[in-house]
2 protein chains.
Amino acid sequence: MSCEPELEREDLCEAHEVDFRSVEEAKASLPDMGYVAELFKAMGESTRLSILYLLWKGRWCVHDLATILDSSVSNVSHHLRLLRAMRLVKATKEGRKVVYSLDDDHVEALMSEAFKHAGHS
Amino acid sequence: MSCEPELEREDLCEAHEVDFRSVEEAKASLPDMGYVAELFKAMGESTRLSILYLLWKGRWCVHDLATILDSSVSNVSHHLRLLRAMRLVKATKEGRKVVYSLDDDHVEALMSEAFKHAGHS
DNA sequence: TGTATGTATGATCATATATTCAAATATCGT
DNA sequence: ACGATATTTGAATATATGATCATACATACA
């Protein structure tokens with residue numbers, strides 16, 4: 001059914017302590033990395049990570065985010081678009097402002113975990 | 001002491017419900033994102049994330065990692081170098097092989113958290 | 001000591017990404 | 001309706017990054 005070529009024994013390190021079966025099993029057990037990789041990638045850029053951090057602690061409009069981050073409104077808006085597309089943040093229109101907030105408990109848990117150890121360099 | 005220019009009131013959204021003080025405080029409270037962003041960036045690439053996942057579950061030499069990931073030894077080795085430089089994985093020479101394993105509990109905790117929700121798209 | 005195996009490295013290339021700029025859109029107050 | 005405020009968008013650009021290739025290095029074994 002699968003179009004994958006069969007794994008051959010020659011593809012393995014000879015005399016490796018783990019056998020053919022282990023490599024096959026490891027390959028089969030590998031979950032899809034797509035979503036998780038995208039998530040980490042979104043969080044792996046300092047401007048976006050800062051935005052997520054700020055929204056973790058409160059709600060902010062675009063202009064103030066840009067001020068706090070010493071960045072341009074345009075740049076912040078571009079990053080917010082990405083975060084919105086990934087449903088990590090949500091936008092609420094309030095008058096002529098758009099106020100952003102976190103939209104994913106998942107992200108809070110990851111940040112909590114990540115910043116817990118921060119400064120262990 | 002700081003070379004930062006003083007924040008001016010004009011830099012703020014007028015009539016924002018949060019006041020000048022909040023923006024100043026938010027700016028001051030913002031932790032350094034450097035390390036955490038680097039960490040997420042390292043994990044935000046599917047080949048590297050897969051490597052970390054595999055090493056989370058066991059120990060593997062470079063050749064077998066490449067086989068499991070359908071990638072080249074060279075490519076995997078380059079990624080391992082990055083992960084080594086960040087002290088996320090460690091290398092152990094065993095004969096002519098180099099066996100890699102995780103070198104950071106932190107990463108395990110993050111992966112555990114991340115994959116817990118995977119497939120909630 | 002030579003050869004095969006296993007890994008690391010540097011250069012190159014194609015692509016992806018962050019940022020800036022200019023301009024468009026939308027909302028409020030006068 | 002007009003001007004000011006607030007945000008979004010697309011294009012252009014510079015930089016970063018992942019993959020590949022060729023090659024160097026290092027170890028085991030004959």
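Within every chain, numbering begins at 1; the chains are lettered A, B, ... in the order of the sequence lines, protein sequences first and strands thereafter.
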Contacts table for residues 39-46 of chain B: side-chain donor-acceptor under 3.5 angstrom, sequence neighbours left out:
{"residue": "E45(B)", "atom": "OE1", "partner": "T47(B)", "partner atom": "N", "Å": "3.1"}
{"residue": "E45(B)", "atom": "OE1", "partner": "R48(B)", "partner atom": "N", "Å": "3.0"}

Can you check the L82(A) CG to dT8(D) P distance for me, whole Å? 13 Å

About how many Å separate CG of D64(A) and CZ of R59(A), when rounded to the nearest 0.5 Å? 12.0 Å

Below 4.0 Å: OP1/OP2 of dG6(C) and any side-chain N or O of Y100(B): no

Check every strand shown and say whether V98(B) touches a base, only sugar-phosphate, or nothing at a heavy-atom separation below 4.0 Å. sugar-phosphate

Is any side-chain heavy atom of V23(A) closer than 4.5 Å to a side-chain heavy atom of K27(A)? no

Using whole Å, report how far CD1 of I51(B) lies from C1' of dT7(C). 14 Å

Crowded around R87(B) CZ? As in, over 12 foreign heavy atoms under 6.0 Å? no

Between S22(B) and W60(A), the two heavy atoms sitting closest are O-CH2, 3.8 Å

List the protein contact pattern of nucleotides 19-30 of chain C with one symbol per nucleotide (5' to 3'): B for base contact, S for sugar-phosphate-only contact, - for none; contact means a heavy-atom distance under 4.0 Å. BBB----SBB--

Mind running side chain to side chain contact (heavy atoms under 4.5 Å, CB included) on L49(B) and F115(B) for me, showing each step along the way? CA-CA 11 Å; L49(B) 186 60; F115(B) 283 102; 4.2 Å; yes

Phosphate oxygens OP1/OP2 of dA18(C): is one of them under 4.0 Å from a side-chain N or O of R48(A)? yes

Close side-chain approach of L55(A) and V107(A), heavy atoms under 4.5 Å: no

I need the NZ-P distance between K41(B) and dT15(D), as an integer number of Å. 15 Å

Can you measure R84(A) atom CZ to dT7(D) atom P for me and round it to whole angstrom units? 12 Å

Please give, in whole Å, the distance from dT5(D) P to H63(A) NE2? 10 Å

Less than 4.0 angstrom between a side-chain N/O of R81(B) and OP1 or OP2 of dT17(D), yes or no? no

Using whole Å, what does the distance between atom C1' of nucleotide dA18(C) and atom CG of D70(A) come to? 17 Å

Rounded interatomic separation in angstrom, taking NZ from K97(B) and P from dT5(C): 13 Å

